[in-house]
Amino acid sequence: MLKAQILGTGYAVPEEILSNADLEKMVQTSDDWIVSRTGIRYRRIAGDGVATSDLAYRASRSALEEADIAPEELDLIIVATMTPDMPMPATACLLQHLLKANSAAAFDLNAACTGFIYALATAENFLLGSDKYHHILVVGAEVLSSVVDFTDRNTCILFGDGAGAVLLGKGEGNNGIIATYLGADGRGSSLLTIPAGGSRHPASQETIDQRMHYMQMQGNEVYKFAVRSIPECAGYVLDEANLSTEDVDYFIMHQANIRILQAAAKKLKIPWEKVLVNIGEYGNVSAASIPLVLGEAAEKNKFKTGDLLLLVGFGAGLTTGAALVRWGR
Ligand code: UT7
């Protein structure tokens with residue numbers, strides 16, 4: 001059966017490191033508290049003048065090279081991000097220009113931390129639903145440091161910058177995307193927001209004075225939602241494919257908090273060795289989180305052909321999503 005297959009992966013992180021010791025000088029917190037409550041030790045921070053499209057470009061180049069696909073062969077570029085270079089034009093168009101992918105359509109997609117799963121499922125539908133699309137670049141990229149309030153200890157300890165990309169093509173056989181699930185519950189939309197900068201609260205002196213252009217989060221509520229929704233989403237895609245957790249070789253979950261991953265692993269009754277984790281090094285990178293784990297693991301040749309990967313995302317919206325992927329072409 002025809003499937004959307006991952007032909008290449010890539011990732012990019014800025015060089016500058018923000019450690020827990022650095023944060024101790026900015027807000028009232030401690031390395032102990034951050035490590036024990038979140039598992040995070042470091043995050044990467046884009047320097048002045050580095051925007052989301054720059055990180056997206058580096059990750060995309062690696063994915064294209066690995067797949068041995070030229071930018072001109074791209075039919076579509078989807079960038080999942082909640083920190084675009086600017087509200088308009090789409091970061092995907094800026095990336096298209098940087099890559100010189102002149103034949104590709106390009107758009108952004110915002111499903112916050114679930115963005116990469118949403119983009120993957122969207123790309124799969126383009127590939128399988130039309131003869132016009134053969135190669136699609138799916139990118140998750142964020143410069144969250146541009147919307148983090150570094151005076152708010154509830155959020156500034158969590159987030160970092162980075163990008164991950166996959167190049168999707170199509171092929172017959174067992175490997176590729178097997179099942180996807182996307183969900184949303186707008187009743188929880190106020191739990192995680194950047195209140196200003198849109199049509200509800202356009203930029204004004206007041207919105208700036210009230211720090212409304214920064215991320216605001218009710219951490220506890222989001223935490224509970226995450227622990228509840230990961231096993232739920234995993235169940236949906238496994239049921240659709242008639243598979244069980246024992247069939248899965250690796251779980252790649254959105255890296256929001258190591259305690260969320262541990263609680264989800266316990267609920268799913270899966271061995272911790274099967275859970276891929278890089279939150280200690282990079283923190284929460286929103287839409288870039290899942291492709292960053294995927295890209296790093298692929299670079300280390302962790303996956304062999306036929307391995308079953310279960311990707312699960314959750315985040316602002318509230319959004320949830322999962323994808324079941326059999327590795328290889
Ligand atoms: O990617 C999008 C999805 N985002 C998430 O999934 C985030 C989910 N939420 C979380 O990861 C956790 O809720 C946090 C890490 C944000 C917070 O951890 P928590 O265990 O839920 O802590 P809490 O908010 O219940 O706060 C416990 C205590 C409070 O003090 P009191 O009221 O008990 O005296 C906080 O004021 O810890 C305090 N606290 C801190 N202390 C030191 C909160 N932040 C910090 C801090 N350093 N950075």
Side-chain angles (χ1 to χ4, degrees), residues 18-44 80-83 110-118 140-164 183-186 188-194 214-233 252-265 267 275 277-280 282-293 311-322:
L18 183 70
S19 69
N20 292 348
D22 296 326
L23 284 161
E24 283 175 355
K25 293 177 201 138
M26 299 158 84
V27 289
Q28 205 181 357
T29 191
S30 66
D31 176 54
D32 251 12
W33 193 95
I34 302 172
V35 173
S36 63
R37 296 289 182 119
T38 71
I40 302 170
R41 292 177 188 277
Y42 307 100
R43 316 108 194 102
R44 297 300 181 94
T81 186
M82 51 173 268
T83 49
N110 181 354
C113 302
T114 321
F116 182 76
I117 303 286
Y118 265 69
E142 306 280 10
V143 177
L144 296 174
S145 59
S146 65
V147 293
V148 163
D149 182 349
F150 283 100
T151 66
D152 175 12
R153 70 176 184 174
N154 289 309
T155 52
C156 74
I157 55 151
L158 295 172
F159 299 99
D161 304 336
D185 183 356
S189 55
S190 63
L191 296 178
L192 186 43
T193 64
I194 298 172
Y214 293 124
M215 220 184 310
Q216 299 179 0
M217 180 175 72
Q218 290 180 40
N220 268 322
E221 291 304 313
V222 180
Y223 187 101
K224 283 186 256 171
F225 149 74
V227 174
R228 197 174 59 240
S229 61
I230 294 172
E232 224 171 74
C233 292
I252 302 179
M253 302 184 245
H254 169 49
Q255 310 280 300
N257 183 326
I258 201 156
R259 289 190 296 133
I260 292 177
L261 304 188
Q262 287 162 341
K267 272 192 165 185
V275 180
V277 182
N278 69 7
I279 189 173
Y282 303 125
N284 179 345
V285 202
S286 192
S289 159
I290 290 171
L292 203 54
V293 177
L311 282 44
V312 187
F314 53 88
L318 297 168
T319 53
T320 51

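Just so it is clear, the model here is predicted, and its values are computed rather than measured. Counting starts at 1 for both ligands and their atoms, in listed order.
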Exercise. Considering only protein heavy atoms, which is closest to atom 9 (N) of ligand 1, and at what distance to one decimal place?
Worked result: Gly219 O, 3.1 Å
Problem set entry | Protein contact of atom 39 (N) of ligand 1 - nearest heavy atom, named by residue and atom, plus distance | Trp33 CZ2, 3.4 Å
For this session: Starting from atom 5 (C) of ligand 1, locate the nearest protein heavy atom and write down its residue, its atom name and how far away it is, to 0.1 Å.
Result: Val222 CG1, 3.6 Å
For this session: Kindly state each residue pair satisfying salt bridge (charged side-chain N to carboxylate O under 4.0 Å, His left out) with at least one member in residues 26-40, sequence neighbours excluded.
Result: none
Problem set entry | Reported OH-to-CZ distance for the pair Tyr223 and Arg259, which is rounded to 0.5 angstrom | 4.0 Å
For this session: Return a yes/no value for Met217: is any of its N or O atoms, backbone included, closer than 3.5 angstrom to an N or O of ligand 1?
Result: no
Problem set entry | For ligand 1, the portion of Thr155 having any non-hydrogen atom under 4.0 Å away | neither
Exercise. Going by the atom numbers of ligand 1, which of them fall below 4.0 Å from some non-hydrogen atom of Ile157?
Worked result: 48 (N)
Seminar exercise, completed: Nearest non-hydrogen protein atom to atom 23 (P) of ligand 1, with distance, is Asn220 ND2, 4.1 Å
Seminar exercise, completed: Check: of Arg153, His254, Lys224, Arg37, min heavy-atom distance to atom 35 (C) of ligand 1 comes from Arg153
Exercise. Who's the nearest protein heavy-atom neighbour of atom 47 (N) of ligand 1, and how far?
Worked result: Thr29 OG1, 2.6 Å
Exercise. Who's the nearest protein heavy-atom neighbour of atom 14 (C) of ligand 1, and how far?
Worked result: Asn257 ND2, 4.5 Å
Problem set entry | Identity and separation of the nearest protein heavy atom to atom 2 (C) of ligand 1 | Cys113 SG, 3.3 Å
Problem set entry | Exercise: identify the closest heavy-atom pair between Thr320 and Thr114 | C-CG2, 3.3 Å
Exercise. Is it the side chain, the backbone, both or neither of Tyr223 that has a heavy atom closer than 4.0 Å to ligand 1?
Worked result: both
Exercise. Considering only protein heavy atoms, which is closest to atom 1 (O) of ligand 1, and at what distance to one decimal place?
Worked result: Asn284 ND2, 2.6 Å
Exercise. Does ligand 1 have any atom that is closer than 4.0 Å to a heavy atom of Phe314?
Worked result: yes
Exercise. For the side chain of Glu142 and the backbone of Thr83, is there at least one donor-acceptor N/O pair under 3.5 Å apart?
Worked result: yes
Exercise. Which part of Ile260 is near ligand 1, with near meaning a heavy atom under 4.0 Å away: side chain, backbone, both or neither?
Worked result: side chain
Problem set entry | Any protein heavy atom < 4.0 Å from atom 45 (C) of ligand 1 | yes
Seminar exercise, completed: Output for pair (Leu318 CG, Ser229 OG), nearest 0.5 Å, gives 8.5 Å
For this session: Report yes if some N/O of Arg259 lies less than 3.5 Å from some N/O of ligand 1; otherwise report no.
Result: yes
Problem set entry | Closest non-hydrogen atom pair, Tyr118 against Ala184 | OH-CB, 3.9 Å
Exercise. Using heavy atoms and a threshold below 4.0 Å, how should the contact between Thr38 and ligand 1 be classified: side chain, backbone, both, or neither?
Worked result: side chain
Problem set entry | Asn154 neighbourhood, listing ligand 1 atoms whose heavy-atom distance to it stays under 4.0 Å | 16 (C), 43 (C), 44 (N)
Problem set entry | Side-chain donor-acceptor pair present, Gln216, Thr193, cut-off under 3.5 Å | no
Problem set entry | Distance flag for atom 21 (O) of ligand 1, protein heavy atom under 4.0 Å | yes
Problem set entry | Which residues share a salt bridge (Lys or Arg N to Asp or Glu O under 4.0 Å) with Asp149, sequence neighbours left out | Arg211
Problem set entry | Heavy-atom check, side chain of Leu158 versus side chain of Ile40, under 4.5 Å | yes
Exercise. Got a protein heavy atom sitting under 4.0 Å from atom 32 (O) of ligand 1?
Worked result: no
For this session: Output the list of atoms in ligand 1 that are nearer than 4.0 Å to some heavy atom of Leu192, sorted by atom number.
Result: 2 (C)
